[in-house]
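Quick notes on the structure that follows.
Just so we're on the same page: letters track the sequence lines, and every chain starts at 1.
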2 protein chains.
Amino acid sequence: MAKKHVSELKPLEEILTVWDVLTPDERQFLRNSYTVHYFKKNEMIHCEGEQPTHMMILASGKVKVFKEGVGSRSQIIRMLKPGEHFGYRAIIANETYNTTVTAFEASTVYMLKAATFLSILRHNNAFCYRFLEEMATDLGASDARTVNLTQKHIRGRLAEALLILRKNYGLEEDGATISIYLSREDLANLSNMTTSNAIRTLSNFVNDHIIAMDGRKLKIIDEEQLIKISKMG
Amino acid sequence: MAKKHVSELKPLEEILTVWDVLTPDERQFLRNSYTVHYFKKNEMIHCEGEQPTHMMILASGKVKVFKEGVGSRSQIIRMLKPGEHFGYRAIIANETYNTTVTAFEASTVYMLKAATFLSILRHNNAFCYRFLEEMATDLGASDARTVNLTQKHIRGRLAEALLILRKNYGLEEDGATISIYLSREDLANLSNMTTSNAIRTLSNFVNDHIIAMDGRKLKIIDEEQLIKISKMG
DNA sequence: CTAAATTTGTGCTTTATAACACTGTTGTCA
DNA sequence: TGACAACAGTGTTATAAAGCACAAATTTAG
């Protein structure tokens, strides 16, 4: 199975979305300098407060990015899927990591030394601009999320989380089930509420025929209603 | 007075912190292409949902950046002081503005056409990198703020707001009064609470000898305690 | 394959904070 | 100068959501 996993792994050039803006030299350089790392489910990839050493690209699996808050409550900032980058913000800002990243399921990560990454950023303008764009988009999303999480009520926050998950991970073949199975606790940490309230609110949504549940599998039944709840707060 | 104002105004090259990474050609280009705009107190500079047209640099005054939330509640994202840039995130992300900016006091703004700004970003790598750095720092701050606003209690949120204001605007000559006078409502919108609760909590801080108040003038008396409250939540 | 640990689900209680309804104060401008 | 608006302050009530306790179901591990 491990073998199969490896053979299925896409090379860096297919997973790195900014590959095409690199010069042939830079590409060759990258091919020789990245390393591959495997993480088991729940294994930590990097931790809040640590010095960043690598820019990372998720090759396979799913990871969650979160911050430890007050009194063991944690806030999931975002969930990543293959092809997405992480761990580079702290490198650029010259800070320590301000989030922790753990493998949500068994995952493969390509790592690029911070110095290598910085060197390309500083020499290839198109590459730099791509990350500027990405960061600009993320910053907008982060500010929007702040208001969503602080001002909306429980139902609105959970509705929003479900819509974000669907948008990010898509649906399974049945065209309804969201392609990621989260524990109630993670769902709560994503929506800024307690586990009990996540459970209760999910049940309410089922009663209101807005979603259907089968364990951790969640289907969106009445999308329109869900959007409405998410907008109203 | 208006005349005095103008004569006091620093030219673009002194206020634009990234000026030194520009080529002589770019500098000349900028000198000829920026425009100066004056805004009265409470006047809107740009509005959420609008198409961005200019990158802006605050030359004098103070402005607040905020998002309209659920039911006329607004969340102040940040307060700017002269020398800081704004309005460029939406240009880079190719989105409409997701925040509204209004002059908090009479302010002067240098504006640079979006196309001009983008052109320099795309041709001058050092310039691009400077904005990448700035955005990386802001993104970290935004995520930290999300957790602060969602998980801390009222006292912690207000304490944090006061510390941020002091850090950003500094102190007056007396070495204690924070150099910005906000209404209780703005203080509330900064700390995600209602105006009544901002008033009440400020009074509590005064009773606890943590701060001193004189109208809108706020002095931090017991900084250590304030930091402690802000950390504990 | 059983025991332990984790996750899910539910009801009850408590509490933080919003909402509301006032009163007093200050500032503005016609 | 007097009227009106905006702001500051306070008490009371209402309520959303946290906290807690516990049972049932499911997963993990020895």
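- For the pairing with A/Glu172, the side chain to side chain contact (heavy atoms under 4.5 Å, CB included) check across A/Ile178, A/Ile180, A/Thr177 returns one residue only, A/Thr177.
- Every residue was checked against the side chain to side chain donor-acceptor pair (under 3.5 Å) condition with A/Tyr169, not counting sequence neighbours, and none meets it.
- Rounded to whole Å, atom P of D/dA16 lies 17 Å from atom CG of A/Asn192.
- Scored by the side chain to side chain donor-acceptor pair (under 3.5 Å) test, A/Arg145 finds no partners at all (sequence neighbours excluded).
- Between the CD1 atom of B/Ile199 and the P atom of C/dT17 there is a distance of 16 Å, given to the nearest Å.
- Minimum interatomic distance between A/Leu158 and A/Ala198 (heavy atoms only, all atoms of both residues): CD2-O, 4.2 Å.
- Residues A/Lys64 and A/Asp186 are paired through a salt bridge, judged by an N-O separation under 4.0 Å between the basic side chain and the carboxylate.
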Just the table, please: protein N/O against nucleotides 24-26 of chain C N/O, every pair under 3.5 Å.
none

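- Rounded to an integer number of Å, the gap from A/Phe205 CZ to C/dT8 C1' is 18 Å.
- Per the geometry, CG belonging to A/Leu182 stands 13 Å off P belonging to C/dT7, to the nearest Å.
- Ranking D/dA18, D/dC7, D/dT10 by closeness to the B/Glu185 side chain, first place goes to D/dC7.
- Of the candidates A/Leu16, A/Ile15, A/Thr35, A/Ile15 is the only one forming a side chain to side chain contact (heavy atoms under 4.5 Å, CB included) with A/Tyr110.
- For the pair A/Asn204 CG and C/dG9 P, the interatomic distance rounds to 12 Å; values are reported in whole Å.
- For A/Asn42 and D/dA29, the CG to C1' distance is 15 Å, given to the nearest whole Å.
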Report all interatomic pairs (protein N or O, nucleotide N or O of nucleotides 20-26 of chain D) with separations under 3.5 Å.
none

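- When each of D/dA18, C/dT10, D/dC7 is scored by its nearest atom to the side-chain atoms of A/Met193, the top-ranked nucleotide is D/dA18.
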* Give the C-alpha distance, both sets of side-chain angles, the deciding distance and a yes or no for side-chain hydrogen bond (donor to acceptor under 3.5 Å, both in side chains) between A/Thr146 and B/Thr146. => CA-CA 5 Å; A/Thr146 299; B/Thr146 300; 2.7 Å; yes
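- Put simply, A/Arg216 has a side-chain N or O that comes within less than 4.0 Å of OP1 or OP2 on C/dT8.
- Side-chain nitrogen and oxygen atoms of B/Thr194 include at least one within less than 4.0 Å of the OP1 or OP2 phosphate oxygen of C/dA18.
- The side chain of A/Asn197 approaches D/dA17 more closely than any other nucleotide in the set D/dC7, D/dA17, C/dG9.
- Summarising the geometry, the separation between CZ on B/Arg73 and P on D/dA16 is reported as 14 Å, rounded to the nearest angstrom.
- Residues A/Met44 and A/Phe39 approach most closely at O-CE2, 3.7 Å, considering heavy atoms.
- At a threshold of 4.0 Å, the pair A/Arg166-A/Glu223 counts as salt-bridged, since one of the basic side-chain nitrogens sits closer than that to a carboxylate oxygen.
- Salt bridge status for B/Lys217 with B/Asp174: absent, with no side-chain N to carboxylate O gap under 4.0 Å.
- Using a distance-only test at 3.5 Å, with no hydrogens or angles considered, a donor-acceptor pair links the side chain of A/Gln151 to the main chain of B/Val70.
- Residues from residues 154-161 of chain B that place a heavy atom under 4.0 Å from any atom of DNA chain C, listed by number: B/Ile154, B/Arg157.
- Protein atom OH of B/Tyr181 is 14 Å distant from nucleotide atom P of C/dG27, rounded to whole Å.
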N/O donor-acceptor pairs under 3.5 Å from side chains in residues 45-58 of chain A, not counting sequence neighbours:
from    : atom 1 : to      : atom 2 : distance (Å)
A/His46 : ND1    : A/Thr99 : O      : 3.4
A/Glu48 : OE1    : A/Glu68 : N      : 3.1
A/Glu50 : OE1    : A/Cys47 : N      : 3.3

